[in-house]
Student: 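Got a structure for you, written out below as structure tokens; questions coming shortly.
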4 protein chains.
Amino acid sequence: MKRMARERVTKDPEERRQELIDAAERLFMERGYEATAVSDIVQEVGVAQGTFYYYFPSKEEILEAIIEKDMAALEDDVRKITEDPNLDPAAKINAIVNSIIGISSSRKEIMDYLHKESNAVMHEKMERHLIERLVPLMAEVVSQGVAEGRFDVQHPTEAVEFLLASMVYFFHHPEIFADPARSKKMRSTLETILGRALGMKDYGFVLVV
Amino acid sequence: MKRMARERVTKDPEERRQELIDAAERLFMERGYEATAVSDIVQEVGVAQGTFYYYFPSKEEILEAIIEKDMAALEDDVRKITEDPNLDPAAKINAIVNSIIGISSSRKEIMDYLHKESNAVMHEKMERHLIERLVPLMAEVVSQGVAEGRFDVQHPTEAVEFLLASMVYFFHHPEIFADPARSKKMRSTLETILGRALGMKDYGFVLVV
Amino acid sequence: MKRMARERVTKDPEERRQELIDAAERLFMERGYEATAVSDIVQEVGVAQGTFYYYFPSKEEILEAIIEKDMAALEDDVRKITEDPNLDPAAKINAIVNSIIGISSSRKEIMDYLHKESNAVMHEKMERHLIERLVPLMAEVVSQGVAEGRFDVQHPTEAVEFLLASMVYFFHHPEIFADPARSKKMRSTLETILGRALGMKDYGFVLVV
Amino acid sequence: MKRMARERVTKDPEERRQELIDAAERLFMERGYEATAVSDIVQEVGVAQGTFYYYFPSKEEILEAIIEKDMAALEDDVRKITEDPNLDPAAKINAIVNSIIGISSSRKEIMDYLHKESNAVMHEKMERHLIERLVPLMAEVVSQGVAEGRFDVQHPTEAVEFLLASMVYFFHHPEIFADPARSKKMRSTLETILGRALGMKDYGFVLVV
DNA sequence: AATGAATGAGATTTCATTCAT
DNA sequence: AATGAATGAAATCTCATTCAT
């Protein structure tokens, strides 16, 4: 009956949408997907509950949007690398792996400051998307490498899938980056395994963790 | 203040506890952890709601119990293998990997009949426990292999961690086993990667998927 | 995930809040705090369970709100009396005591129609709040009376505290007012004790029970 | 089916009963009546859940038993005082008040070490019983005092009721005794009020707080 | 006299979602 | 484009009490 809207701020829809996505991403990472309520998100942005549903049909949908955004950015980076004519297949794989690890380690700061207890739902979704989108791209690079005699791999798609699975492990365990000694061993091990798995004689991968 | 009981069946506590764990495990796999209510579990077993809480202080605690049980069984298998004097390190690793894959594929049947959308929370918990418990055991075997000149690995613990991470992938994706062609390629790829990652000249791993 | 609403009535939040407080207060008095379920309250008001929690974070919080409301009203009455320039200290104390007794006796009707067994939790909370808020006000009046030579009291705060403690007794025992003979004796006794306790030569208190 | 009783210890019923009462009293005071579960009590004593119900028909009943025990002891003390031929009425009242305050202050130690948040239900019950049992005894003493010209009171029963109500206040607020300064003022105030309320010319009460 | 597994009603609370304005 | 009060299903958990042994 009384309907006093508290100073209604209208914004460019795309901007509002981004605000919501950004707030949600931050909260999901800090507290986890399940532990974050829609009401937390709107409060953060300073809009009404209904506004959320004006932009997203459901809470799950904004998670998809977040992941879509992140994965699109990653895929973009990766695609640029695969299409770079100045890089040979090995250098491409090297660069791609560095990109992926980069995301993971950047996650660390925000991730472990609260609830390291994790975020199973978000992780799972990210993993799925990441693998779905990157496997074809990387498999193509590996195939090139095989054709050029640089790699020795029978099933590029499956090989890449395994390697990515290992890498996803970093996503789940950003705490690894907190311990420099451990971090260093992991990097060196990954460099070796990568080279060996791709069947290179001289595995000169250089990772930047 | 209470009404009247409806044919009260008393059992050996250990048996009751098992019934509850078994029912919960089945339901968690079919519908997922979140989607399963405690009321579903007790209905399945045919006891009162309170009985559940007589045995477990919370829903999360029964999940821990399930995982504990499964992981203890797996660790047991693995330990038997590691202690088998008739097996050389390579054979041990081979057998262990087969054990792990075995669990995963057995999971398939029950897992994908509903909600392939899965069970992030349970997976995450399993992965963590599995890696925590198996890494030391396997690292020991790898170290032996290195000492015997069979393997060539700098950081056994980290190498094993990566390999297990790949394997965990099977846990998360039991649907892989549904497609025989894919299944075969995966197996063959894993055999190769495993051998190469451990630095064997002759990687003669034989996996049974 | 939700079903469908059944004629949604929107009201001014302040009004809704009051409806809830009023219903809760009535029920708490009739059945007691513990014996009243949140579901009883919302049913009474005709809103959904969730609506309650939209206004109050917990059942305990609405009890606080009720007491806060009642005590604020009482304090208000008392403050008006203490600030009345036409009354001398004795008249002020007299009026205040009448106010307090007034609340108690009004409580009788609603209180004893069910469960005279009472409402310990609510009583305790009320007592605490009542004493906390009224002691300073009344002590001030007593101090004035002492200064004016009207009262003879060494420790006004403590004296007032004891007198209020006696009065609180009425809160706990509204059944006293049911028996006129008893009621009369109590009144007359209180009038005497009050005058004597404050050290008045001529204790002319007149209470209206 | 399996029924392994864990070393069944049989005791004299009266002793068992006392153990239960003592454990319950301690727990009720430490945590409050509501916050103490029957399972806490039996655990404390080291008997089975069912044993509790062998001795007491309900949780409320053991509370009654506790209060009964405490009040009987108090009544006993008080009765001894009232029947003491060496004491005059004023000395009797003085001694009785000291008894009551003694219980309250002894309560302090156990009471405020945890949850000062109090114990409304228990307090209420105690208050009721205490007043019911002591009013007649004390009213008799006051009447004697009046007959002997020592006191000047119109309605002994009601006067005593008021005084007891004040005293009960100590039961509810054992924290008073924690602050010596406050404690002293309260005592002195009570001594004065007591004398005045009973209409003594020379109110020489001496309380021991 | 004692056990302890089993009961089950019921209470509080959460929160994604809706919808009238 | 935005609001925010209202929804209500459902979930977890508590605990006094019972009863077969």
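It should be emphasised that the depicted structure is a prediction, and the values quoted were computed from it without experimental measurement. Lettering of chains follows the sequences in order, A, B, ..., and the numbering in each one begins at 1.
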Student: Do the side chain of D/Q49 and the base of F/dT17 come within less than 3.5 angstrom through a donor-acceptor pair of N or O atoms?
Tutor: yes
Student: Between E/dA16, E/dA5, F/dT12, which one does the side chain of B/A37 approach most closely?
Tutor: F/dT12
Student: A side-chain contact here means heavy atoms from C-beta on lying under 4.5 Å apart; do C/Y53 and C/V38 qualify?
Tutor: yes
Student: If I take atom CD1 in residue D/I62 and atom C1' in nucleotide F/dA16, what distance separates them, rounded to the nearest angstrom?
Tutor: 13 Å
Student: Should D/S39 be listed as having a side-chain N or O under 4.0 Å from OP1 or OP2 of F/dC15?
Tutor: no
Student: Does D/T51 place a side-chain N or O at less than 4.0 Å from the phosphate oxygens OP1/OP2 of E/dT3?
Tutor: yes
Student: Given that C/P57 and D/G50 both sit by DNA chain E, which one's nearest nucleotide is further toward the 5' end?
Tutor: D/G50
Student: Take atom CZ of B/F52 and atom C1' of E/dA5, then tell me their distance rounded to the nearest Å.
Tutor: 16 Å
Student: Can you check the C/E14 CD to F/dG4 P distance for me, whole Å?
Tutor: 15 Å
Student: Quick check against the 3.5 Å criterion: does A/D40 have a side-chain atom that pairs as donor or acceptor with the backbone of A/A37?
Tutor: yes
Student: Could you walk me through whether B/V121 and B/L63 satisfy the side chain to side chain contact (heavy atoms under 4.5 Å, CB included) test, starting with their C-alpha distance in whole Å, then the side-chain angles of each, then the deciding distance to 0.1 Å, before giving a yes or no?
Tutor: CA-CA 10 Å; B/V121 178; B/L63 174 56; 4.3 Å; yes
Student: If I take atom CD in residue C/E34 and atom P in nucleotide E/dG10, what distance separates them, rounded to the nearest angstrom?
Tutor: 16 Å
Student: Looking at C/R16, I'd like to know whether one of its side-chain N or O atoms comes within less than 4.0 Å of OP1 or OP2 on F/dA6.
Tutor: yes
Student: D/E19 and D/E44: side chain to side chain contact (heavy atoms under 4.5 Å, CB included), yes or no, with the steps?
Tutor: CA-CA 9 Å; D/E19 282 179 5; D/E44 191 84 358; over 6 Å; no
Student: May I have the distance from B/D12 (atom CG) to E/dT3 (atom C1'), rounded to whole angstrom?
Tutor: 15 Å
Student: Is A/Y53 close enough to E/dT17 that one of its side-chain N or O atoms is under 4.0 Å from OP1 or OP2 there?
Tutor: yes
Student: Would you please confirm or rule out a distance under 4.0 Å between OP1 or OP2 of F/dA2 and any side-chain N or O of A/Y54?
Tutor: no
Student: Checking all strands, does B/Y55 fall into the base, sugar-phosphate, or nothing category for heavy-atom contacts under 4.0 angstrom?
Tutor: sugar-phosphate
Student: Expressed as a whole number of angstroms, how long is the span from B/E61:CD to F/dT12:C1'?
Tutor: 14 Å
Student: Work out which heavy atom in A/R31 is nearest to a heavy atom in A/T36; give both atom names and the distance.
Tutor: CB-OG1, 3.8 Å
Student: Give the rounded distance in Å between these two atoms: NZ of B/K11 and P of F/dT21.
Tutor: 14 Å
Student: Would you say B/Y33's side chain and B/E60's backbone share a donor-acceptor pair under 3.5 angstrom?
Tutor: yes
Student: For DNA chain F, write out the stems as range with range, using runs of 3 or more consecutive Watson-Crick or G-U pairs with both distances under 3.5 Å.
Tutor: E:2-21 with F:2-21
Student: On the six-membered ring of D/F52, is D/K59 placed so that its NZ or CZ lies under 6.0 angstrom from the centre and within 45° of the ring axis?
Tutor: no
Student: Between E/dA16, F/dT7, F/dC13, spot the one nearest the side chain of B/K59, thanks.
Tutor: F/dC13
Student: Under 4.0 angstrom, heavy atoms only, what part of the nucleic acid is D/F56 near: base, sugar-phosphate, or nothing?
Tutor: nothing
Student: In this structure, are over 12 heavy atoms from other groups packed under 6.0 Å from C/Q43 atom CD?
Tutor: no
Student: B/R17 has an atom CZ; how far is it from atom P of E/dA6, in whole Å?
Tutor: 13 Å
